[in-house]
Amino acid sequence: MLRMSTLFLRTLRDDPADAEVPSHRLLVRAGYIRRIAAGIYSWLPLGVITLRNIENIVRQEMDRAGFQEVHFPALLPKDAYEETGRWKDYGPDLFRLQDRKGSDYLLGPTHEEMFTLMVKGEYSSYKDLPLALYQIQTKYRDEARPRSGIIRGREFVMKDSYSFDLTDEGLVESYQRHREAYIKTFDRLRMKYNIVSAMSGAMGGSASEEFLAPCETGEDTYVLCPKCGYAANVEAMTTVVAPGDASKVAPLEVFDSPNTPTIDSLVELINAKFGGGYDGSMTLKNVMLMADEKPISVLVPGDREVDLKRLQANLAGVNDVRIFEDADFAKFPGLVKGYIGPQDAKKNGITVYADPRIAPGTSWVTGANAKDKHARNVVNGRDFTVDAYIESAQIKEGDACPKCATPVIIDRAIEIGHIFQLGRKYADALGLTVLDQNGKSQVVTMGSYGIGVSRAVAAIAEQSNDELGLSWPVEVAPAKVHIVATGKEDTVFAAAETLATDLEAAGISVMLDDRRGTSPGVKFKDAELIGIPVIVVVGKALEQGNVEVRVRRTGEKSEVPVAQALTAITELLPTLP
RNA sequence: CGGGGCGUAGCGUAGUGGCUAGCGCGCCUGCUUUGGGAGCAGGAGAUCGGGAGUUCGAAUCUCCCCGCCCCGACCA
């Protein structure tokens, strides 16, 4: 039983000056967490209990799915990370340190290497697979910009699991099992979330999905189809465009277009010149980029920017993409800044990538590769060729769903889980092999799965709060019932104490506000701020033999006789989220 | 890392060259009060982020450093 009279807790009346997002503000005000440094927080008793509750739900669902819990140190020697190249590749995001002998260590940002080596150390036969292991561990990443309190910290708690299979089909099955376990976990946490297609990015591998909890303060953007439910991270969104029919398009025509530095000014000019009917989406923008210091041109419709994030996510094997600078233009005199068209790309030795919107057979207005000149009726396949199609144009609200063509909506969310099929990258690098049926050595294929446990505390807080404070789901809350004793009569405190004891005996966790001399208003405010789902007021109504039962989330109140309070609460709890 | 903002008691803040750094919340003592952040009286609590400098005099001006927040870049 938690007693307010002795609980290590001090709630704050004012919002802390350094907190903006609701979860951060409220978790600090209600006394769950305190900041130690940027992105590093300590947990007070209420916070620890809440975090443990979430951990335990995650643990139970992992165990139920048949995954086995292990535990690695957070402090790790660099060896394994050196072998996979991540000691270098991880860059400044890795917390590095040395021991007294000068040997290099790191604080684990993620544990692929360690799990791979652990399995390598114990298993060597296909008969031992499939296998799935997990841990709940504190991770360390020296983020360039920690933000939003506990949503993006430099120290955070993560559940990470890894599956090990002999075959690709086995991996798909293990992936599905994790996916289902995640659905159960997040459902139990009462979170609103969408499962969206994601890019596997630098990790390699194929299928990858993110569990995103929609929320205004989230830092991930994703698209959602309101009709068919298609959901994808913006980087992973695909565009379906039918090829154009160019057979009736007039021949390419170059025309004068002085003073048209922007798409808007160009559209204005061509509408005046050719009798209207043109808009920005009919012009073709040629964006010059350096991809690992090789010149590429990316074609997107004039009314859209190139989304560098999307481009890079879809450009396999390229590490660095940057916009052309003046010095780069100087090296390619054939490119006339502001009047570039794809017609001469071959001549200039430039690789042409195009967004799928620039479909074969479509006709465009674009630069004519000469100062103050543009061209119209420039047809893909007739007047220029594209080396490769790549998703690269910015996504807009209302773009067509790739599955059913319904206009999609764009929303923000917090990433609370990520599952993906890693493949053999780590097993290869670290030599994790098993013998197959034929006695031949085979490299194991892996999946990698994560849940941000401490981040889930914030995500749930973001999704369940109001102007009064927090409002936890029953299973997550630091206690299920918050009993407030008001007044100064001993009988009130005695009755509250009895009810608290009875509830605890029935397995219902209780927070009892047994503070003497604290005014009722303070107790109510605190209870609402802390956010325990059921608030029971023992006070005035006791003269009639009643207590008041309130539902924190809805504000519903009812009076029940003291003797029936236990039953009433027992029946009420399962009906709450 | 680029841009912007901020740093005064546990929390929120006032104070832009001049007396003992002010106020609210919280905290301690006493009395009163007890269904919506009570009242009165008394009290404790501050290296004004740090260092150097200018000045008769610095929270206040100058320089350097540190830290924090927000936007962006980045983010297995």
Side-chain angles (χ1 to χ4, degrees), chain A residues 9-21 24-25 28-29 31 34-40 81 84-86 89-94 108-113 115 139-149 151-154 156 158 160 162 198-205 208 210 217 219-220 233 235 308-309 312-313 319-323 415 417-420 422 425-426 446-450 452 455 468-469 484-489 492-493 513 515-529 535 537-543 547-548 550 555 557 559:
Chain A
L9 169 72
R10 195 101 302 158
T11 57
L12 306 176
R13 289 199 186 189
D14 301 304
D15 282 334
D18 62 359
E20 299 217 339
V21 302
H24 188 197
R25 256 177 36 226
V28 171
R29 268 192 66 199
R34 291 287 182 261
R35 191 180 60 74
I36 294 296
I40 302 177
Y81 290 77
T84 55
R86 288 213 287 187
D89 294 348
Y90 223 99
D93 280 12
L94 195 61
T110 171
H111 283 75
E112 278 83 3
E113 284 84 350
F115 274 86
K139 306 285 187 189
Y140 297 86
R141 293 181 197 173
D142 194 1
E143 298 277 354
R145 181 152 97 85
R147 73 186 91 182
S148 308
I151 293 177
R152 171 175 295 276
R154 294 193 293 169
F156 55 97
M158 179 166 160
D160 51 329
Y162 304 88
M199 300 301 300
S200 22
M203 294 299 295
S208 163
E210 287 170 358
T217 50
E219 46 182 359
D220 283 41
N233 196 303
E235 285 105 83
L308 285 178
K309 243 175 159 173
Q312 204 159 358
N319 292 319
D320 181 55
V321 176
R322 62 174 177 83
I323 303 265
E415 181 185 340
H418 195 170
I419 53 178
F420 62 94
L422 251 188
K425 174 176 172 175
Y426 289 91
M446 295 169 58
S448 159
Y449 318 90
R455 177 180 280 182
L468 296 172
V484 176
T486 66
K488 53 179 176 180
E489 303 303 320
V492 167
F493 284 85
D513 197 341
R515 288 175 293 178
R516 296 276 187 152
T518 300
S519 75
V522 170
K523 292 184 175 182
F524 294 146
K525 290 286 184 202
D526 276 346
E528 283 147 358
L529 180 61
I535 299 170
V537 184
V538 183
K540 265 191 343 198
L542 195 60
E543 285 172 31
V547 296
E548 185 180 309
R550 300 181 182 178
K557 299 177 188 181
E559 287 203 358

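Per chain, numbering begins at 1; letters A, B, ... match sequence-line order.
- Heavy atoms of A:Ala144 sit under 4.0 angstrom from at least one base atom.
- Across all non-hydrogen atoms, the minimal contact from A:Val492 to A:Thr486 is CG1-O, 3.2 Å.
- Among the heavy atoms of the strands, none lies under 4.0 Å from A:Glu219.
- For B:G36, the base has a donor-acceptor partner in the side chain of A:Glu528 [N/O atoms by modelled type, under 3.5 angstrom].
- Closest heavy-atom contact between A:Asp526 and A:Thr11: OD1-OG1, 2.8 Å.
- One finds a salt bridge joining A:Glu219 and A:Arg147 here, because a Lys/Arg side-chain nitrogen approaches an Asp/Glu carboxylate oxygen to under 4.0 Å.
- Using N1 to N3 plus N6-O4 or O6-N4 for Watson-Crick, or N1-O2 and O6-N3 for G-U wobble, each under 3.5 Å, B:C31 pairs with B:G39.
- Annotation: side-chain hydrogen bond (donor to acceptor under 3.5 Å, both in side chains) contacts of A:His111 (sequence neighbours excluded): A:Gln135, A:Lys139.
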Return the polar atom pairs (N/O with N/O) between nucleotides 22-27 of chain B and the protein under 3.5 Å, or none.
| from | atom 1 | to | atom 2 | distance (Å) |
| --- | --- | --- | --- | --- |
| B:G26 | OP1 | A:Arg13 | NH2 | 2.8 |

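- Residue A:Asp160 is classed as having no contact, given no heavy-atom separation below 4.0 Å to the nucleic acid.
- Look at A:Ser519 and you'll find a side-chain N or O under 4.0 angstrom from OP1 or OP2 of B:A38.
- Cation-pi geometry between A:Arg516 and A:Phe493 is satisfied (NZ or CZ under 6.0 Å from the ring centre, within 45° of the ring normal).
- Counting any heavy atom pair closer than 4.0 Å across all strands shown, A:Arg35 reaches sugar-phosphate atoms only and no base atom.
- Residue A:Ser148 is classed as a sugar-phosphate contact, given heavy-atom separations below 4.0 Å to backbone atoms only.
- Each of A:Thr486 and A:Arg145 lies near RNA chain B, and the nucleotide nearest A:Thr486 is the one positioned closer to the 5' end.
- For A:Leu308 and B:A73, the CG to P distance is 10 Å, given to the nearest whole Å.
- Within 3.5 Å, a donor on the side chain of A:Asp526 pairs with an acceptor on the base of B:G37, or the reverse.
- For A:Asp18, the side-chain hydrogen bond (donor to acceptor under 3.5 Å, both in side chains) test picks out A:Arg35, with sequence neighbours left out.
- The closest side-chain heavy-atom distance from A:Leu422 to A:Phe420 is below 4.5 Å.
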